[in-house]
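One is the number of the first residue; the rest follow in order along the sequence. Remember, it's 1-based here, ligands and their atoms both numbered in the order they're listed.
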Amino acid sequence: MLQNYEAFKTKVLALTSIDLNAYKERQMKRRIDALITKNNLKTYDEYIDLLRKDKVALKDFVNYLTINVSEFFRNPEQWKVFENIILPHLREHNSGRLKIWSAACSTGDEPYTIAMILLKHMPATSFELTATDIDDQVLAKAQSGLYTAKSIKGVPAEFKANFEKIGTDSFQISDNIKRCVRFKQHNLLKDPYPTGLDMIVCRNVLIYFTDEAKDEIFHKYNRCLNNNGVLFIGNTEQILSPKNFGFTAIKSFFYTKGV
Ligand SMILES: C[S@@+](CC[C@H](N)C(=O)[O-])C[C@H]1O[C@@H](n2cnc3c(N)ncnc32)[C@H](O)[C@@H]1O
C-alpha cells in the first residue's frame with residue numbers, strides 16, 4: 001500500500017482542481033495505486049512529478065479517475081417513466097421553454113437520449129438542454145457525436161434513424177439531435193450551478209462521492225430547480241431522506257422540488 005495519500009490529494013487539487021476528499025476514499029485510492037503501478041512507478045511523489053511534466057499522462061489520469069462508462073437509454077425502464085410520466089408533469093408546470101441540465105454527462109449518450117425523447121414530443125425551440133462534465137476528453141467525444149454499435153445497442157427502434165452508419169463500427173448522430181445539446185465543462189464540486197431549471201439529470205456519478213459531498217450537491221440541486229422541477233438520479237442511487245433536501249419522491253429515482 002502506498003504512503004502519503006493525504007499529501008497526494010492536496011497536490012492533485014492544485015494541479016487539476018479535482019478534490020479527491022469528496023470521492024469515496026477506498027475505491028479511489030485503489031484505482032490510483034493501480035494506475036501508478038501500471039506506470040511502473042512506486043510512490044505518489046514520483047507520480048505527481050510525472051503528472052506535472054507530462055500533459056498526456058495528466059489527461060490520462062483525469063480520464064481514468066472519472067470513470068465515464070455510459071450508454072444510450074441506460075436503464076430503459078427509467079426513460080419510459082421519464083417520457084410517460086415526468087415529461088407531462090414538467091409540461092403541466094411550465095408553459096414556456098423547459099430548461100434541462102444533464103450533469104456529469106460523460107460522452108453525451110445521456111443528453112442525446114433526452115434530446116431524442118423531447119424532440120418526439122415538442123419542437124427544439126421549446127427546450128434548452130445543457131450537458132456538462134468535468135472531463136474535457138469525454139466532452140470532445142460527445143461533441144463529435146460518433147458512437148460504437150455497443151453504445152447505441154439500447155436505442156429503441158423508433159429512434160434508430162437518428163444514427164448514420166459511417167464505418168464498420170462507427171455511427172454518427174444526426175445534426176438535428178446534436179444541435180439540441182450545449183456541452184460545457186463543469187466541476188460539480190467547485191463550479192457555480194445553473195439556476196431556474198426544470199429538470200436535472202444526474203446519474204451514476206454521485207455513487208463515487210462521500211456522503212457529505214452528496215448532501216451538499218442535493219442541497220444545491222434543490223436550490224437551482226424551479227418549484228415542481230425534477231431531479232432524476234441513477235438506478236443504484238437513492239436519496240434516503242428527500243425531505244431534508246426539499247424533495248419529494250414521485251417515482252423511483254425521480255424527485256420533485258416542493259410538495
Ligand atoms: C459513469 S459516468 C456517468 C455518465 C452518465 N451520467 C450515465 O449515467 O450514463 C460518470 C461521469 O461523471 C463525471 N464526473 C466525475 N467527477 C465529476 C465532477 N466532480 N464534476 C462533474 N463531473 C464529474 C466523469 O467524468 C464521468 O463522465
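Checked against the 6.0 Å centroid criterion, the rings of Tyr23 and Tyr208 do not qualify as a close aromatic pair. Checked against the 6.0 Å centroid criterion, the rings of Tyr112 and Phe183 qualify as a close aromatic pair. Less than 6.0 angstrom separates the ring centroid of Phe72 from the ring centroid of Phe163. The aromatic ring centres of Tyr47 and Phe61 sit less than 6.0 Å apart.
Considering only non-hydrogen atoms, atom 4 (C) of ligand 1 lies nearest to Ala104 out of Ala131, Ala104, Ser151, Pro111. Here the shortest heavy-atom distance to atom 20 (N) of ligand 1, taken over Leu188, Asp136, Val69, belongs to Leu188. Among Ile18, Asp109, Asp133, the residue whose heavy atom lies closest to atom 27 (O) of ligand 1 is Asp133.
Counting only distance, with no hydrogens or angles, the side chain of Gln143 and the backbone of Lys178 share no donor-acceptor pair below 3.5 Å. A distance-only check finds a donor-acceptor pair linking the side chain of Glu46 to the backbone of Lys42 [under 3.5 Å].
For atom 24 (C) of ligand 1, the nearest protein heavy atom (residue, atom name, distance) is Thr66 O, 2.9 Å. Looking from atom 23 (C) of ligand 1 to the surrounding protein, the closest heavy atom is Ile134 CG2, 3.5 Å. Protein heavy atom closest to atom 9 (O) of ligand 1, with residue, atom name and distance, is Ser70 OG, 2.6 Å. The protein heavy-atom contact nearest to atom 12 (O) of ligand 1 is Val205 CG2, 3.3 Å. In this structure, the protein non-hydrogen atom closest to atom 8 (O) of ligand 1 is Asn204 ND2, 2.7 Å. Protein heavy atom nearest atom 3 (C) of ligand 1, with residue, atom name and distance: Arg203 O, 3.5 Å. Among protein heavy atoms, the minimum distance from atom 7 (C) of ligand 1 is reached at Arg74 NH1, 3.2 Å.
Close contacts of ligand 1 with Leu189, meaning ligand atoms under 4.0 Å from a residue heavy atom, involve 19 (N). Which parts of ligand 1 touch Ser106 is read off a 4.0 Å heavy-atom cut-off, strictly below it: atoms 4 (C), 27 (O).
Polar contact check, Asn68 against ligand 1: no nitrogen or oxygen pair lies under 3.5 Å apart. Between Glu110 and ligand 1, at least one N/O pair is under 3.5 Å apart. Considering both main-chain and side-chain atoms, Asp135 never comes within under 3.5 Å of ligand 1 through any nitrogen or oxygen pair.
Of all non-hydrogen atoms in Phe159 and Lys120, the two that sit nearest each other are CZ-CD, 3.9 Å.
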Anything under 3.5 Å between a donor and an acceptor, one on a side chain of residues 189-197, the other on a protein residue two or more places apart or in another chain? List them.
from	atom 1	to	atom 2	distance (Å)
Asp191	OD2	Asn187	N	2.6
Tyr193	OH	Leu188	O	2.7

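Legend: side chain to side chain donor-acceptor pair (under 3.5 Å) pairs involving residues 99-110, not counting sequence neighbours, sorted by first then second residue: Trp101-Thr132, Ser102-Glu110, Thr107-Asp109.
Counting heavy atoms of neighbouring residues, nucleotides and ligands inside a 6.0 Å radius, atom NZ of Lys38 does not exceed 12 of them.
Heavy atoms of Tyr23 found under 4.0 angstrom from ligand 1 belong exclusively to the side chain. At a heavy-atom cutoff of 4.0 Å, ligand 1 is contacted by the backbone of His186 but not by its side chain. Contact annotation for Ile67 and ligand 1: only backbone heavy atoms (N, CA, C, O) come within less than 4.0 Å of the ligand.
No side-chain N or O of Tyr44 forms a donor-acceptor pair with one of Asp49 less than 3.5 Å apart.
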